[in-house]
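Scope of the values below: all heavy atoms of this structure, side chains included, with no hydrogens, waters or symmetry mates.
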Amino acid sequence: MSSKIIVIGEPLQTEIGGKRFYRVELVDEHGNHFFKYLRSVTTICKGARLPSFLDTWQNEQIEALGVKGFYEALDSKAHDGTVMHKFIEDHVNGKEVNRRSLVTLDDGKQYAFDDDTWPMFEGYLAWEEKRKPESIWQEKTVYSLKHGYAGRADRLAIIDGLRTVIDYKSAKRPQDDHKQQGSAYLMAINEMGEDCEQILILCLGNDEKRKQPYTESIIKNPHDIHNYFMSFYLKNQLVSWCNPVFI
């Protein structure tokens with residue numbers, strides 16, 4: 001990508017063939033405007049997911065709940081994650097958040113805490129009290145024109161003196177997909193001209209086996225970050241090859 005090409009405004013989320021993309025407006029040195037469509041980070045990670053223990057879990061859940069019941073439960077968990085993210089965003093923005101608080105999501109409806117999302121928020125508060133992150137920004141679309149992807153990063157903050165991209169998860173513990181996703185955000189942030197030195201995956205899902213209400217995974221070794229990014233990069237190549245988009 002030529003250094004003379006400039007990004008105009010913020011990337012806009014859109015959908016192509018039922019998949020999430022981000023439309024980036026660009027202008028070249030001659031004043032010509034054009035658009036580039038970047039596949040979303042989550043679409044890439046999900047589209048090239050390797051078989052894992054999650055497949056066994058899915059089969060067990062389908063057997064117990066039926067196909068329809070399983071996907072309804074899956075949608076419910078995804079909704080819980082969205083609600084949890086929004087409550088954390090409101091809290092970081094200085095709004096008072098308590099057990100009776102409400103949040104408004106993109107569908108325009110208001111939602112309250114329930115027995116699943118409230119413990120996640122309490123876990124976040126416990127993590128925040130211990131870590132004391134110094135927030136730089138949150139909920140920002142980051143993108144890589146060089147590698148052709150974009151995504152919504154949860155937060156950039158200073159932790160232990162290092163600029164850290166933070167990804168909140170409603171899962172019990174970090175997976176490789178989470179770390180690959182975090183590496184994609186880190187690389188995009190650096191490409192956009194902001195320094196980012198490490199990745200922090202914060203898992204807030206209920207897990208009775210652990211001693212604290214969250215699980216934290218930090219990746220700061222450059223070799224590890226590179227390896228996770230290369231895994232993401234290869235997934236991006238595979239998904240793009242299998243699902244070409246012609247616009």
Side-chain angles (χ1 to χ4, degrees), residues 1-3 5-26 34-55 58 74 78 81-82 85 139-156 163-171 174-201 203 217-247:
M1 184 64 63
S2 169
S3 60
I5 292 178
I6 300 171
V7 176
I8 304 297
E10 290 291 322
L12 297 177
Q13 186 175 311
T14 186
E15 191 172 289
I16 302 173
K19 302 298 183 182
R20 186 187 305 168
F21 283 76
Y22 289 84
R23 190 183 74 167
V24 182
E25 183 177 0
L26 305 166
F34 60 101
F35 296 100
K36 188 174 181 68
Y37 290 82
L38 307 177
R39 205 178 300 271
S40 88
V41 171
T42 52
T43 296
I44 292 165
C45 287
K46 290 178 181 178
R49 184 174 63 84
L50 296 173
S52 71
F53 76 92
L54 291 175
D55 296 291
Q58 177 174 317
L74 205 60
T82 303
H85 274 76
E139 293 297 331
K140 180 176 179 178
T141 299
V142 298
Y143 53 87
S144 170
L145 299 180
K146 178 180 179 181
H147 298 293
Y149 66 85
R152 193 80 172 166
D154 289 337
R155 192 173 180 184
L156 184 68
R163 292 170 68 93
T164 307
V165 60
I166 304 170
D167 202 9
Y168 310 126
K169 296 296 182 185
S170 56
Q175 308 297 326
D176 280 348
D177 276 2
H178 301 158
K179 297 172 183 178
Q180 292 161 12
Q181 185 176 346
S183 73
Y185 292 149
L186 180 145
M187 292 296 189
I189 291 167
N190 285 328
E191 183 181 322
M192 292 170 66
E194 289 194 79
D195 290 334
C196 186
E197 301 164 279
Q198 66 178 359
I199 304 156
L200 191 150
I201 311 297
C203 292
S217 178
I218 293 178
I219 306 101
K220 63 180 177 181
N221 184 300
H223 177 75
D224 293 337
I225 293 172
H226 172 77
N227 284 343
Y228 282 120
F229 181 74
M230 286 308 301
S231 295
F232 172 81
Y233 172 83
L234 293 173
K235 284 184 174 181
N236 190 14
Q237 296 298 302
L238 176 61
V239 171
S240 298
W241 180 75
C242 293
N243 303 278
V245 175
F246 304 101
I247 300 175

(message) Testing the basics here: between Lys235 and Cys45, what is the closest heavy-atom pair and its distance to 0.1 Å?
(response) NZ-O, 3.9 Å
(request) Taking the side chain as every heavy atom from C-beta outward, state whether Cys196 and Leu156 have any atom pair closer than 4.5 Å. (result) yes
(message) Restricting to ring pair (Phe, Tyr, Trp, His ring centres under 6.0 Å), what partner residues turn up for Tyr228, sequence neighbours left out?
(response) none
(message) Could you work out, with side-chain contact (heavy atoms from CB on, under 4.5 Å) as the rule, every residue matching Ala153, not counting sequence neighbours?
(response) Trp137, Val142, Val165, Tyr185
(request) Look at the side chain of Glu25 and the backbone N and O of Phe35, then say whether any donor-acceptor pair between them is shorter than 3.5 Å. (result) no
(request) Please examine the side chains of Tyr233 and Met187, heavy atoms only from C-beta on, and report whether any two atoms are closer than 4.5 Å. (result) no
(message) Once side-chain contact (heavy atoms from CB on, under 4.5 Å) is applied, do any residues pair with Ser217, and if so which ones, sequence neighbours excluded?
(response) Pro174, Lys179, Ile201, Ile219
(message) Within the 4.5 Å heavy-atom criterion, are Lys220 and Glu197 side-chain neighbours or not?
(response) no
(message) Regarding Gln181 and Lys46, do their side chains bring together a donor and an acceptor under 3.5 Å, going by distance alone?
(response) no
(message) Quick one about Tyr22 and Arg39 (side-chain donor to acceptor, distance below 3.5 Å, no hydrogens or angles considered), yes or no?
(response) no
(request) Keeping the roles fixed (side chain from Asp167, backbone from Gly182), state whether a donor-acceptor pair exists under 3.5 Å. (result) no
(message) Are the side chains of Pro11 and Leu38 in contact, using a 4.5 Å heavy-atom criterion?
(response) no
(request) Answer yes or no: is there a side-chain heavy-atom contact under 4.5 Å between Glu15 and Arg20? (result) no
(request) Taking atom types as modelled, find out whether His85 and Asp154 have a side-chain donor-acceptor pair closer than 3.5 angstrom. (result) yes
(message) Does any part of the side chain of Tyr143, heavy atoms only, come nearer than 4.5 Å to the side chain of Leu145, both counted from C-beta?
(response) yes
(message) Between Arg163 and Asp195 (side chain of the first, backbone of the second, donor and acceptor by atom type, cut-off under 3.5 Å), is there such a pair?
(response) yes
(request) Quick one: closest heavy-atom pair of Val7 and Gly9, and the distance? (result) CG1-O, 3.8 Å
(message) Any non-hydrogen side-chain atom of Ile199 less than 4.5 Å from a side-chain atom of Thr164?
(response) no
(request) Return the minimal non-hydrogen interatomic distance between Arg152 and Glu139, and the atom names on each side. (result) NH2-O, 2.7 Å
(message) Does Lys140, at its NZ atom, have more than 12 non-hydrogen atoms belonging to other residues, nucleotides or ligands within less than 6.0 Å?
(response) yes
(message) Could you check, using the six-membered ring where one of them is a Trp, whether Phe232 and His147 have ring centers closer than 6.0 angstrom?
(response) no
(request) Measure across Leu186 and Gln198 and return the closest heavy-atom pair with its distance rounded to 0.1 Å. (result) CD1-N, 3.7 Å
